[in-house]
Trainee: 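This is the structure I want to talk about, given as structure tokens.
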Amino acid sequence: MAEITKSYEPRDVEKKWYAEWLSAHAFAGKVTPGKDPYTIVIPPPNVTGVLTMGHVLNNTIQDMLIRRARLEGKSAMWLPGTDHAGIATQTVVERQLRKEKKTRHDFGREKFLEKVWEWRTEKGGIILEQLRRLGASCDWDRTQFTMDAHYSKAVLDVFVKLFDRGHIYRGKRMVNWCPVSQTALSDEEVIMKPVNGTIYRVRYERTDAPGLFVEVKTTRPETIPGDVAIAVHPADPRYEGWVGKKVRRALGPDAEIPIIADESVDKEFGTGALKITPAHDKVDFEIGVRHKLPVIDVLEADGKLNALAGPDLAGMDRFAGRKKAAELLKERGALVAEEAYANNVGYSERADVPIEPRLTWQWWLKYPRIEEAKAAVRDGHIKFHPERWSKVYLHWLENIQDWCISRQLWWGHRIPVWYRKGLDKEKLTEADINDPTKVHVSLAGPADPENWVQEDDVLDTWASSWLWPFATMGWPDEDKMKAQGLDYFYPTTTLVTGPDIIFFWVARMIMAGLEFMRPGDSIERRIPFKHVYFTGIIRDQQGRKMSKSLGNSPDPLDLIDTYGADGLRFGIVSIAPQGQDIRFQEDRIESGKNFCNKLWNACRFRQMSGEAGDNSSLSAILSRLVPDKFDSDDHAILQRLLSTTREVDRCFAEFEFSAAVQALYGFFWNDFCDWYVEVSKSKLQSAETKPTCLAIQDLVLRQTLLLLHPVIPFITEELWHQLGYGAPGTSIEDVQIDNASKVAHAANVHGIVLDTAAAAAVESLKELVSKSRALKADHNLASRRDVKFFLTTGDREWQTVEGNLAKLLRMCGATSLERCDKVDGAPAVVTTLGTLYLDLASTVDPVAEKARLTKELDQLAKHIAGTEARLSNEAFVSKAPPAVLEGARKQLADQKAKRAELERLLKSLVG
RNA sequence: GGACCUUUAGCUCAGUUGGUUAGAGCGUUUCGUUGACAUCGAAAAGGUCACUGGUUCGAGUCCAGUAAGGUCCA
């Protein structure tokens with residue numbers, strides 16, 4: 001076996017093991033009857049995406065779950081893939097074309113799509129490559145893309161089915177229009193942002209009574225040419241007698257518009273009068289419908305004003321038009337005032353520009369299975385972690401609106417609808433849409449395509465990703481489903497994602513699963529996943545969301561180069577508590593790297609300490625232990641190993657990953673390295689204690705590597721082999737991890753009965769060591785090893801000290817530690833094992849020594865007062881549980897004894 | 001306007017059903033390279049647990065309210 005190097009160099013180790021895992025097909029998800037499946041489908045990153053810190057966190061957690069599942073003996077399968085990301089990808093390619101001074105229209109639909117496919121072939125796999133660097137153990141042979149032929153077929157099949165089931169309709173309604181992308185958006189793709197703008201007070205003059213005006217407030221004067229009425233509340237006394245009269249439109253082609261009464265007008269807002277512009281506001285549109293008002297659309301798809309806005313405004317951009325409109329109103333004396341105004345404006349999520357409410361023909365989906373989707377989460381068939389997100393989810397479902405699923409893009413799944421040639425698409429009625437002689441809806445298309453024209457629109461990207469948990473495994477093709485094991489792996493076990501896509505994706509997947517999977521079966525069999533773990537959002541030091549545009553996100557690949565993939569994984573998991581946003585700190589990643597180095601060196605120490613024994617299995621190591629030779633340190637470290645194993649078991653079951661990592665960190669660094677390895681150094685000197693000490697190190701290291709492997713897979717695999725825990729050609733994941741009770745049971749089988757008092761004994765030894773060091777540090781003696789200590793103590797305590805003397809001398813850095821009755825004038829410290837004196841009587845400064853003891857005494861006095869107060873409280877004594885009462889009494893006794901000792905020491909000081 | 005989250009050491013955060021003297025990492029100060037590790041070791045300083053009130057023998061923890069910051073929905 002090669003000697004372990006002095007420091008851990010991740011680069012080669014990571015490269016080597018990832019290649020080995022791939023060639024061994026270690027990540028392949030296999031249908032294995034008799035084994036429980038454990039399935040995760042990756043939240044497919046956009047093909048345009050590059051790895052961000054969010055991806056690192058998200059995918060590290062998925063990999064941890066998958067690797068832990070493999071270690072637990074489950075048939076684990078992690079399915080990777082990418083999302084075609086309609087708008088995002090089309091935008092990227094269009095931006096490229098713009099550099100060549102071209103638009104997609106210069107190419108035409110077909111040629112443009114070829115360009116996008118070229119782009120995706122060339123650059124679309126980057127993020128999956130990056131995930132490999134991170135160590136992601138995805139079953140790469142199953143990699144899916146939402147535009148793959150098979151997947152596309154599933155998407156279109158679902159459209160046809162939902163159309164046939166009456167869930168899909170075409171309607172001319174108000175949509176959120178993005179003038180930059182020039183497509184409709186769903187409500188979820190609109191981000192409300194507070195904007196400090198201007199509100200314009202505009203007056204309209206009565207045509208029948210010149211000189212009489214009605215005043216309204218608007219933030220959008222450029223839409224005044226689209227006004228078709230002024231609305232007031234019917235019970236508003238200010239406008240008694242006004243309803244039915246007409247006013248002159250303040251801007252645009254000359255027109256008289258009526259004053260109407262509508263209950264929905266808010267009397268409290270402004271003057272209580274509202275201008276009605278049905279083409280450019282959702283509320284206005286509804287009022288317009290109620291009053292059968294015309295619709296005058298003054299905007300083009302690209303956000304420019306059109307001829308209906310009048311010659312002064314036509315051709316202007318909407319924002320320039322707003323300024324111009326204000327000027328024109330002013331000239332005409334119609335502008336009463338401009339006021340600063342803060343309001344919320346909807347922005348396009350992708351293009352980051354204000355959206356326009358726009359009346360267009362679109363395809364809509366009435367969500368299926370809404371009630372069942374609520375029940376699935378409410379009744380606990382699907383568990384959210386943290387649970388509180390279920391409230392957000394349920395609230396959204398309570399208020400759910402139909403989903404606008406059509407997009408005016410080219411990159412996407414083209415809607416499988418054909419219109420009979422010669423029909424005017426804009427004039428189709430509901431009956432026409434459902435008339436197969438006029439509108440054809442099918443997967444295959446019409447038999448006589450020459451007589452039909454296909455719908456231009458494509459589907460919203462999310463209308464493909466909502467099928468991800470089953471369309472990725474061959475659905476709906478029976479043969480493919482069988483080959484890919486859909487029936488075995490579905491429902492998937494856990495979904496790991498961010499709470500920001502709870503509506504976009506999580507809720508919709510639940511509805512899709514319930515609608516399409518295993519019709520007629522129970523709800524547990526139809527849901528797409530059993531657990532949803534919501535990660536926090538990674539923020540920068542200032543608390544801002546990390547984003548490409550802000551440039552505040554470190555490149556994870558740089559971090560991998562600097563700290564290793566394992567260091568990055570360990571660091572990011574350790575700072576990601578359940579459901580809380582994360583403020584990124586690079587030094588935590590550094591501490592992940594340091595932990596790896598610590599682990600490496602502890603294993604190196606084991607290797608240097610003696611010959612390797614039989615490490616081939618847990619049982620082989622256990623049989624090397626001689627329980628009779630155990631001292632309290634051996635008992636204590638094994639107990640801590642068990643309690644840590646139990647804690648990690650619990651953390652994985654409850655999705656508390658940072659707690660798991662912290663438990664392992666504390667156990668390994670503090671309990672094992674700082675204490676057990678240090679005491680080993682003297683145990684290894686004796687032929688009598690050495691074999692058991694080595695076996696215990698092997699036991700702890702073996703089990704710790706198994707517990708750590710899901711978090712830091714590369715280094716644990718490497719050390720596993722370096723220390724001979726696995727046969728050549730096997731992997732650490734070929735071994736099954738035992739939970740705490742199984743490990744305890746195995747130990748019992750080998751005659752190991754752990755002494756529960758050992759932990760307390762070790763704690764008292766640690767205290768003695770720590771206080772002896774402090775005593776030395778106080779007297780600037782940290783480096784010397786030639787000090788002598790004296791201890792005044794009882795027989796029992798001395799027995800403990802004597803039994804561990806060699807270790808104690810080494811740990812305290814002393815040549816001797818002798819028992820004696822009384823030492824005068826030496827610096828001393830009170831411990832549970834007795835009063836420890838530093839043999840330095842001649843060099844001591846009594847004044848400083850007094851100060852030190854007095855300070856400790858003062859602190860102790862406060863604690864005694866507190867304990868006494870509690871115990872003298874009648875209510876406490878009569879109502880507190882006996883164990884608590886007993887604890888308090890013992891505490892007081894100990895504190896008083898310590899006080900007496902300190903007082904004695906103080907008195908004994910000369911001067 | 002509605003809902004949710006956060007507020008604990010200089011910084012970032014733990015603190016499980018209320019119960020000894022509230023913890024960790026980083027940072028700071030002092031000391032230390034003796035054969036696992038300086039990517040390290042030892043010691044130390046540092047907190048009226050945002051505020052007010054309540055429940056309780058006992059509150060960082062439970063309840064109500066206030067303040068500040070954040071997120072989502074309208």
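Residue numbering restarts at 1 for every chain, and letters A, B, ... go by the order of the sequence lines. This one's a predicted model, so the numbers in the text were calculated from it and none came from an experiment.
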Trainee: With side-chain hydrogen bond (donor to acceptor under 3.5 Å, both in side chains) as the criterion, how do A:Ser591 and A:Arg588 come out once you've worked through the C-alpha distance, each side chain's angles and the decisive distance to 0.1 Å?
Mentor: CA-CA 5 Å; A:Ser591 102; A:Arg588 298 301 291 264; 4.7 Å; no
Trainee: Strictly by Watson-Crick or wobble contacts shorter than 3.5 Å, is anything paired with B:rA3, and which nucleotide is it?
Mentor: B:rU71
Trainee: Distance check, P atoms only: B:rU6 and B:rC62, in whole angstrom units.
Mentor: 10 Å
Trainee: How would you label the contact of A:Cys603 with the nucleic acid (heavy atoms, under 4.0 Å): base, sugar-phosphate, or nothing?
Mentor: nothing
Trainee: Could you work out the separation of B:rG53 and B:rU61 based on their P atoms and round it to a whole Å?
Mentor: 14 Å
Trainee: Is A:Glu656 paired with A:Arg650 through a side-chain N to carboxylate O contact shorter than 4.0 Å?
Mentor: yes
Trainee: Looking only at side-chain atoms of A:Arg870, point me to the closest of B:rA38, B:rU20, B:rA36.
Mentor: B:rU20
Trainee: Quick one: label A:Glu678 by what it contacts on the DNA or RNA (base, sugar-phosphate, nothing), any heavy atom closer than 4.0 Å.
Mentor: base
Trainee: I need the CG-C1' distance between A:Asn670 and B:rA42, as an integer number of Å.
Mentor: 13 Å
Trainee: Rounded to the Å, how far apart are A:Asp187 CG and B:rA74 C1'?
Mentor: 11 Å
Trainee: Tell me the interatomic distance from A:Met192, atom CE, to B:rC72, atom P, rounded to whole angstroms.
Mentor: 12 Å
Trainee: Does a salt bridge link A:Lys898 with A:Asp894, judged by any charged N lying under 4.0 Å from a carboxylate O?
Mentor: no
Trainee: Got a sec? Which of residues 390-398 of chain A come in under 4.0 Å of RNA chain B, heavy atoms?
Mentor: A:Lys391, A:His395
Trainee: Nearest heavy atom decides the nucleotide; on that basis, is A:Ala875 or A:Val884 closer to the 5' end of RNA chain B?
Mentor: A:Val884
Trainee: Can you measure A:Ile400 atom CD1 to B:rC73 atom P for me and round it to whole angstrom units?
Mentor: 14 Å
Trainee: In chain order, what residues pass the ring-ring contact (aromatic ring centres under 6.0 Å, His included) check against A:Phe503, with sequence neighbours excluded?
Mentor: A:Trp396
Trainee: Quick one about A:Thr867 and A:Gln895 (side-chain donor to acceptor, distance below 3.5 Å, no hydrogens or angles considered), yes or no?
Mentor: yes
Trainee: How far, in whole Å, is B:rA68 from B:rU21 if one measures between their C1' atoms?
Mentor: 32 Å
Trainee: Identify which nucleotide among B:rU21, B:rG25, B:rC57 has an atom closest to any side-chain atom of A:Lys879, counting heavy atoms from C-beta outward.
Mentor: B:rC57
Trainee: Distance to the ring centre below 6.0 angstrom and angle to the axis at most 45 degrees; does that hold for A:Arg640 and A:Trp675?
Mentor: no
Trainee: Within the 4.0 Å heavy-atom criterion, would you say A:Lys681 contacts the bases, only the backbone, or no part of the nucleic acid?
Mentor: base
Trainee: Would you say A:Trp669 places a side-chain N or O within less than 4.0 Å of OP1 or OP2 belonging to B:rG41?
Mentor: yes
Trainee: Figure out the CG/P separation between A:Asp581 and B:rU12, and round it to whole Å.
Mentor: 14 Å
Trainee: Mind checking the P distance from B:rG41 to B:rG27? Whole angstroms is fine.
Mentor: 12 Å
Trainee: For A:Tyr665, what residues pass the ring-ring contact (aromatic ring centres under 6.0 Å, His included) criterion, not counting sequence neighbours?
Mentor: A:Phe595, A:Trp669
Trainee: Partner of B:rU66 by Watson-Crick or G-U wobble geometry, both contacts under 3.5 Å, or none?
Mentor: B:rA50
Trainee: Figure out the CG/C1' separation between A:Leu694 and B:rA36, and round it to whole Å.
Mentor: 14 Å
Trainee: With a 4.0 Å cut-off on heavy atoms, is A:Asn344 in touch with a base, just the backbone sugar-phosphate, or nothing at all?
Mentor: base
Trainee: Figure out the CZ/P separation between A:Phe534 and B:rC5, and round it to whole Å.
Mentor: 15 Å
Trainee: Check A:Leu641 against A:Phe667 and note the closest heavy-atom contact, atom names and distance.
Mentor: N-CE1, 3.6 Å
Trainee: Taking pairing as Watson-Crick or G-U wobble with both contacts under 3.5 Å, can you name the mate of B:rA42, or confirm there isn't one?
Mentor: B:rU30
Trainee: Could you tell me how far apart A:Ile191 (CD1) and B:rC73 (C1') are, to the nearest whole angstrom?
Mentor: 12 Å
Trainee: With sequence neighbours excluded, tell me which residues meet ring-ring contact (aromatic ring centres under 6.0 Å, His included) with A:Phe714.
Mentor: A:Trp21
Trainee: Roughly how many Å apart are B:rU8 and B:rU52, using the P atom of each and rounding to a whole number?
Mentor: 16 Å
Trainee: Just to be sure I understand the rule, does A:Ser770 reach a base, reach only the sugar-phosphate, or reach nothing, if contact means heavy atoms closer than 4.0 Å?
Mentor: sugar-phosphate
Trainee: Name the pairing partner of B:rU16, where a pair is Watson-Crick or G-U wobble with both distances under 3.5 Å, or state none.
Mentor: none
Trainee: Are A:Lys681 and A:Phe605 in a cation-pi contact, defined as NZ or CZ under 6.0 Å from the six-membered ring centre and within 45° of the axis?
Mentor: yes
Trainee: If you take all heavy atoms of A:Asn615 and A:Leu723, which pair is closest and at what distance?
Mentor: ND2-O, 3.3 Å
Trainee: Please figure out whether A:Arg539 or A:Asp778 has its closest RNA chain B nucleotide nearer the 5' end.
Mentor: A:Asp778
Trainee: Can you list, by residue number, the residues of residues 587-602 of chain A that have a non-hydrogen atom closer than 4.0 angstrom to RNA chain B?
Mentor: A:Asp587, A:Arg588, A:Lys593, A:Asn594, A:Asn597, A:Lys598, A:Asn601, A:Ala602
Trainee: Per the side-chain contact (heavy atoms from CB on, under 4.5 Å) rule, which among A:Leu765, A:Val762, A:Leu768, A:Val679 passes with A:Asn804?
Mentor: A:Leu765
Trainee: Checking all strands, does A:Pro499 fall into the base, sugar-phosphate, or nothing category for heavy-atom contacts under 4.0 angstrom?
Mentor: nothing
Trainee: Using a strict 4.0 Å threshold on nitrogen-to-oxygen distance, state whether A:Asp674 and A:Lys766 make a salt bridge.
Mentor: no
Trainee: Using both distances under 3.5 Å as the test, list the Watson-Crick or G-U wobble partner of B:rU55, or none.
Mentor: none
Trainee: Considering only atom C1', compute the distance from B:rU17 to B:rC73 and round it to an integer number of Å.
Mentor: 33 Å
Trainee: Would you sort out whether A:Thr497 and A:Phe534 count as a side-chain contact (heavy atoms from CB on, under 4.5 Å), showing the intermediate values?
Mentor: CA-CA 5 Å; A:Thr497 190; A:Phe534 291 104; 4.0 Å; yes
Trainee: May I ask you to say what A:Phe672 touches in the nucleic acid, namely base, sugar-phosphate or nothing, with a heavy-atom cut-off under 4.0 Å?
Mentor: nothing
Trainee: Over all strands shown, is A:Val677 touching base, sugar-phosphate only, or nothing at heavy-atom distances under 4.0 angstrom?
Mentor: base
Trainee: Show the nearest heavy-atom pair for residues A:Ser764 and A:Thr832, with the distance to one decimal.
Mentor: CB-OG1, 3.6 Å
Trainee: Quick one, which residues of residues 641-653 of chain A touch RNA chain B with a heavy atom under 4.0 Å?
Mentor: none
Trainee: Has A:Gln891 got a side-chain N or O lying under 4.0 Å from the OP1 or OP2 atom of B:rU21?
Mentor: yes
Trainee: When you compare B:rA3 with B:rA59, how far apart are their P atoms, in angstrom units rounded to a whole number?
Mentor: 30 Å
Trainee: Can you check the distance between B:rA9 and B:rG23, where both ends of the measurement are the C1' atom (answer in whole Å)?
Mentor: 10 Å
Trainee: Taking the side chain of A:Ser7 as its heavy atoms from C-beta onward, which of B:rU39, B:rA36, B:rC72 lies nearest to it?
Mentor: B:rU39
